[in-house]
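Take a look at the structure set out below.
Below, read A as the first sequence line, B as the second, and so on, with proteins coming before strands; counting in each chain starts at 1.
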Amino acid sequence: MTTVARGARRRATAAPPALTAAQTRWIGAMIVCAQLPQAPHLPWWIAGFGIALVGLRFVLLRRDRARPGAPARIPSWTLVLFAVAAALAVRASYGYLVGRDPSVAFLYILIAIKFLEARTVRDGSVLVALVSFLLVTPFFHGQSPVAALAALPALLVLGATLDALARPADSPFAAAPRAAILRTARLFVQGIPIAALMFVLFPRIAGPLWGVPFEAGATTGLSDSMAPGSISELSLSDAVAFRVDFDGAVPPPAQRYWRGPVLSRFDGRAWTMAPRTAPGTLARFGAGGLAYTVTLEPHGKPWLFALELPASLPDPSGGGEDEPPARGYAFVSSDQQLLARVPVTQVLRYRQLSMLRDAFPEAERGEGADFLRLPSRGNPRTMELGRDLRARGGSDAAVVAAALAWFRAEPFFYTLMPPLAERDPVDAFLFDTRRGFCEHFAGAFVVMMRAAGVPARVVTGYQGGEWNPRGGYLIVRQSDAHAWAEVLVDGTWRRVDPTATVAPSRIEMGLSYAMADTEPVPLFARLDSGWLKTSQLALDALNHAWRTHVVGFNRERQRKLWRDVGIDRFAGWQLAALAAALGVAWAGIALGLIGLRRATLDRERALWSQACTRLAQAGLPRQPHEGPIAYAARASRRWPQFAIAFSAIAESYATLRYGPPRTRPGERDALVATLARAIDVLPAAGDLRSAAS
Amino acid sequence: MSVRPASQVVSVAQRAQAILRELSRIVVGKDDTLKLALACMIARGHLLIEDIPGVGKSTLAQALASALGLRYARIQFTSDLLPADVLGVSIYDERASAFRFHAGPIFHSVVLADEINRAPPKTQSALLEAMEERQVSIDGETRRLPEPFFVIATQNPVEQIGAYPLPESQLDRFLMALELGYPDPAAERELLAGGDRRARIADLSPLADAATLAEWQREAAALHVAPALLDYVQALLAASRGHPGATPTMDAGARRGLSPRAGLMLLNAARAWALVGGRPMVLPEDVQAVFPAVAGHRLAGGARAGALSAVALLRAVPLP
């Protein structure tokens, strides 16, 4: 930051240079451009207040112009007041002050306040640095291409502001706004190769260098409990849960059960996870298995999703097939859940193997007893029904079949807006309302099974997903959230989906097909054709490509790329040296292309200054304003014996520099040669000095 | 812009030198002023001479006209001079029963407007308008002035009582402002010994004609100006406008600054100067030679102070 350095040096000698009106306007524009991408992530009043403070400075600027000589100043105690008020308001709005979002909000306001009191060029430089930081903060909320695009105007204005700070408007080198923006854009474009080079070559660190702070509760996703209404609420969201690239064929929708949290505890109303999960064993990968890559959006919970049944452990830090998967990141629990050891707070990409099965053996003999527990009281009619089923059926398998048959026979209705019962919700659902979403069906089915003495549990996750023909991948949204049941029959856990019995189209085709038009199905889940859908899919494909290739370019992908092009043999310092060399080479090319032209154009200038230097050393320096002919005449008066050489030098130089462009080939070179020869004729400076009369 | 062969430029220079030699026999010891006056003419500009009477202003004008073979007229400006006295008037001719235009003295190629500041502004502006437009509109009829058309106006700086000094905007119409000044002792001696100069003008044989001068004017306008020279002219203009850093030592008198038109005129004058000097291109030296004459009266403080600050400006702006 040369401006800062210069500011510091000047301060030692004189008053710091004040900001001109034009510079102030640039800084204001820069701040607003940086505020706008962040504004949607802030409470509306903070967003508005910050922009209004910048606007206030512009109002003051107008007043200054109307009354020159008396610049409007905001008393500093007001600014302190502003800052304290902002801190209190942010605290009140978020409930806490130390944390990612309130800190960003506070920074947002403080930058605007700093702008109000900015007077010197040094203040301007500080603001540029602060704004650079503010520009990063929208990426906390998502590193989409849209977020990157939104930062672009601010970057351009920031560059132009630096330009304006370095060259005040009253200097003869000041650029018009358009020119400043264009110059910045040109600099950025010139920088792209270096940035791309660093992107590829700068060693990625296994973990994030500085993790993007994650605010809990900021995102949607499956939780560790399921109460009536929780999944139907989730189904109202269009948000993407994860995207999947399949290596081979894509399984049909009915087989796409993405296993998530397994819930085995019931308190009469809500289902929760077992507090401790023992490690389990993975299914063996074999013929008929699927290989795919999941790009998981951050959801703040440790679950990872895979098709039933997972046959490998997700390992985002070890992607290569030929590398043994690291054991550290994730593990599989005894109920076949994939769990990360830390919550997923960043976009996660992992390779996954699965075997498409709906049954697997129990983890240990006799574990079924744990999956029979029910609250001692409540839902009496369901208990009664369970006992009834057991009495009629006999074997466990027969009980399950009888229960499904019962669901089929009774008039159940699949809806996103079921009525909520206060007491005995399972009874109310099964016998009174008979309207429910998948969580009601799955939950009630498991209660029925347990009442009938068949071990059972609820599995939540996602079911189905939308195929994006644009990018050739599967989009799984929150609206695909689903809950189903698992029963333990003869030592084998089997998937049973009562929703499929009641509303088969939900499983076969997706939520929107299973729902009446009046249901509040999210827009993108409802659409099945038309330009909006097409463009939405295209945009999502772009997003996915960005996720995969830019945001998801981690250490392993980098390593793989290095392996592919064969630069992985080099040590880190060698790579750094290579990157530096390539960067310097590019800078050299960019500068050299300009310099090369200038060099050929300006050989006469170099020769001329060589002659001038020699004469200056001989005691006759050229006046700065002195033209070549006048200088030669003066030199000829001092050294008449060299008058011919002087006039040859001056005239060939003047012709080269001020003459009409030489069109004939070689003419220019001949003149340069004349100039060089004439300079050769001149004796050395010392001889000239002694030759002077 | 076509590139003129150097030989042609040289022949112009040789003929110009011959003219200047002849002139210097009449206007003694004023070689630079004569050359500037000739350059001013070749640049299609007009000349303002600010000086006391008796230093040879009208002699210069008359000699210049004679040497170039141009028609010459002199208008002595007085406080009762009317525009019609300068431009001409339409008089009813009984015999032809029609108005006939009697051309005023302005319809000459070289016009000496003597003591222009003694005429009322109305008459002044009639002259200045004609200078700018190179045509005269009388009774709704537009009449073109002869080509070439060159006005030498003189202003007496001493006698300012009852005078109407030219406003600054009118001064801008003159390409150059010069001072003749007293001759140096040697020249004065020659002058005193040589007898009446006016008589010699009659002996002067014309060395050129209107067509030749027009040709020279075209050649001057076509002279090459390199980007490097434009850089220099721009630096001079910027310095005259008082940019900090550009001219740290510039005196405060030059604060008014030169207009873009002044820059254009400066280039024209420098081109003409280069042509007279026999160069196929314009050098910074050419710009420097004409700069005090071109910029002086456009900078604040009058021609004399302006020329001084113009010289200071030249010293302060390095060649780019």
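- Of the possible polar contacts, none joining the B:Arg315 side chain to the B:Val311 backbone as a donor-acceptor pair under 3.5 Å is found.
- Contact annotation for B:Leu319: both backbone and side-chain heavy atoms come within less than 4.5 Å of a heavy atom of chain A.
- Nearest heavy-atom pair across B:His46 and B:Cys40 is O-SG, 3.4 Å.
- Within residues 619-629 of chain A, the residues having any heavy atom closer than 4.5 Å to a heavy atom of chain B are A:Arg622, A:Pro624, A:His625, A:Glu626, A:Gly627, A:Pro628, A:Ile629, listed by residue number.
- Counted by atom type alone, B:Gln288 and B:Tyr232 present one or more donor-acceptor pairs between their side chains at under 3.5 Å.
- The salt bridge (Lys or Arg N to Asp or Glu O under 4.0 Å) search around B:Glu147 returns B:Arg44, not counting sequence neighbours.
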**OP:** Determine, step by step, whether A:Phe646 and A:Tyr631 satisfy the side-chain contact (heavy atoms from CB on, under 4.5 Å) criterion, reporting the C-alpha distance in whole Å, the side-chain angles of both residues, the deciding distance to 0.1 Å, and the verdict.
**Re:** CA-CA 9 Å; A:Phe646 291 140; A:Tyr631 186 37; over 6 Å; no
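- Between A:Tyr653 and A:Trp608, the angle of the ring planes stays under 30°, which puts this pair in the parallel group of the 30/60° scheme.
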